[in-house]
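Note that the structure is a prediction, hence the values are computed from the model and not measured. To find a chain, count down the sequence lines: A is the first, B the second, and so on, and within it residues start at 1.
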Amino acid sequence: MPELPEVENVRRSLEALVVGRTIAQVEVRLPRIVRTPGDTRRFEAELAGATIQRVDRRGKYLLFSMPPLTLVSHLRMEGQYRLVEQTEPVEPHTHVFFRFTDGTELRYRDVRQFGTMDLVSQAGPWPEGLEKLGPEPFDPDLNEQTLYARIHSRTAPIKAVLLDQTCLAGLGNIYVDEALYEAGIHPETHANRITRVKVKLLLAAIRDILQRAIDAGGSSVKSYVNGYGRHGGFQIELNVYSRDGEACRRCGTPIEKLKVAGRGTHVCPHCQKRERTRRRGA
DNA sequence: CATGGGTCCTGAGTGC
DNA sequence: TGCACTCAGGACCCAT
């Protein structure tokens, strides 16, 4: 499932592969991918002749800048981009084709069909989900004080709050579990019960996990590949995600799986204690 | 407003 | 072996 590190790796690969290429023609085979209903033909028509000038990322969104337009793309669960020759056989579940003037094409493939594309004017407005995103984890203005302020107003479990993209952009199920493990916080802890000291640890853990995952090319737990079709390598460094029943690398206790915020959640019951209701003497 | 549950979708995995 | 069923989850929709 592409989260910030995977999307960032897709962005980097696409930046190298498609910047400077000019679109000759676009074909949308699955209209639901293009979010504005009934706009598929306009989507195709408006992109014809556009040259990709930059590929940016905001949270888990990819932004293809083609002045005066930006293509906003979200991979959701299993979206993939590949640059291939137009003569290459088409893989199943390929839904959108961006054919360039040089004979190559960028193909969008998405088995679950959850991904979305919005074509918007750079003058705005931006898609709502993008507009409402919280800060980037590596934003220098984000620090333990500002993160504490965002978290402390919430009563939901910290896991739900970290998955909320309006609180902080880019985390998904894998890296939330990993960051909470690294920070020693139980995912069911009410967000407003987390101390400033723990928030500081949490922010450091989030940045550490995300940076290491980016450097490793992302985590390929299921279907993730970058724009070159290459898998990531961070899955072998995961400490809790998908390791239920296996020994905690730190203490040996079996990793447990529970459901928090409607999501499969992995926790070391020894390293991540549930919030204490009250600390009694001695 | 904040929260939590349902929903979209397909393939992998499970159990009988 | 085959089949029915559950599960996976990002963001959105909706009821509370």
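- Whole-Å rounding puts the A:Leu75 CG to B:dT10 P distance at 18 Å.
- Using a 4.0 Å heavy-atom distance criterion, A:Tyr175 is classed as making no nucleic acid contact.
- Between A:Lys60 atom NZ and C:dG10 atom P the separation is 5 Å, expressed in whole Å.
- Under 4.0 angstrom from either OP1 or OP2 of B:dC9 there lies at least one side-chain N or O belonging to A:Arg32.
- Between A:Arg263 and A:Ala160, the residue anchored closer to the 5' end of DNA chain B is A:Ala160, taking for each the nucleotide with the nearest heavy atom.
- No hydrogens or angles considered: nothing links the side chains of A:Asn143 and A:Lys200 as a donor-acceptor pair under 3.5 Å.
- At C:dA8, one or more side-chain N or O atoms of A:Lys259 fall inside 4.0 Å of OP1 or OP2 (strictly under the cut-off).
- Dashed line: the shortest gap from a side-chain N or O of A:Thr116 to OP1 or OP2 of C:dA11 is not under 4.0 Å.
- A:Asn173 and A:Arg263 share no side-chain donor-acceptor pair at under 3.5 Å.
- Residue-level contact check: A:Pro92 touches neither bases nor backbone, having no heavy atom under 4.0 Å from any strand.
- At whole-Å resolution of the value, CG in A:Leu258 and P in C:dA8 are 12 Å apart.
- A:Lys159 has no side-chain polar atom (N or O) that falls below the 4.0 Å cut-off from OP1 or OP2 of B:dT3.
- We find that CD of A:Gln113 is positioned 14 Å from C1' of B:dT7, with the value rounded to whole Å.
- A side-chain donor-acceptor contact under 3.5 Å links A:Ser73 and A:Tyr81.
- Between the side chains of A:Gln86 and A:Thr104, not a single donor N or O lies within less than 3.5 Å of an accepting N or O.
- Within 4.0 Å (heavy atoms only), A:Gly129 reaches sugar-phosphate atoms of the nucleic acid but no base atom.
- Using a 4.0 Å cut-off, no side-chain N or O of A:Gln165 falls inside it from OP1 or OP2 of C:dG10.
- Residue A:Gly262 is the one, among A:Phe114 and A:Gly262, whose nearest nucleotide of DNA chain B lies closer to the 5' end (criterion: closest heavy atom).
- Counted by atom type alone, A:Tyr175 and A:Asp177 present zero donor-acceptor pairs between their side chains at under 3.5 Å.
- Among A:Leu168, A:Asn192, A:Ile158, A:Leu203, the one residue that satisfies the side-chain contact (heavy atoms from CB on, under 4.5 Å) test with A:Ile151 is A:Ile158.
- Between the P atom of C:dG10 and the CG atom of A:Asp177 lies a distance of 10 Å, rounded to the nearest Å.
- We find that NZ of A:Lys132 is positioned 13 Å from C1' of B:dA2, with the value rounded to whole Å.
- A:Ile33 places its CD1 atom 13 Å from the C1' atom of C:dG10, with the value rounded to the nearest Å.
- The separation between A:Leu163 atom CG and C:dA8 atom P is 14 Å, rounded to whole Å.
- For A:Tyr61, the listed nucleotide lying nearest its side chain is C:dC12; candidates were C:dC12, C:dG10, B:dG11.
- Checking the phosphate oxygens (OP1, OP2) of C:dA11, no side-chain nitrogen or oxygen of A:Arg35 falls inside 4.0 Å.
- Here the nucleotide nearest the side chain of A:His93, chosen from B:dG4, B:dG11, B:dA2, is B:dG11.
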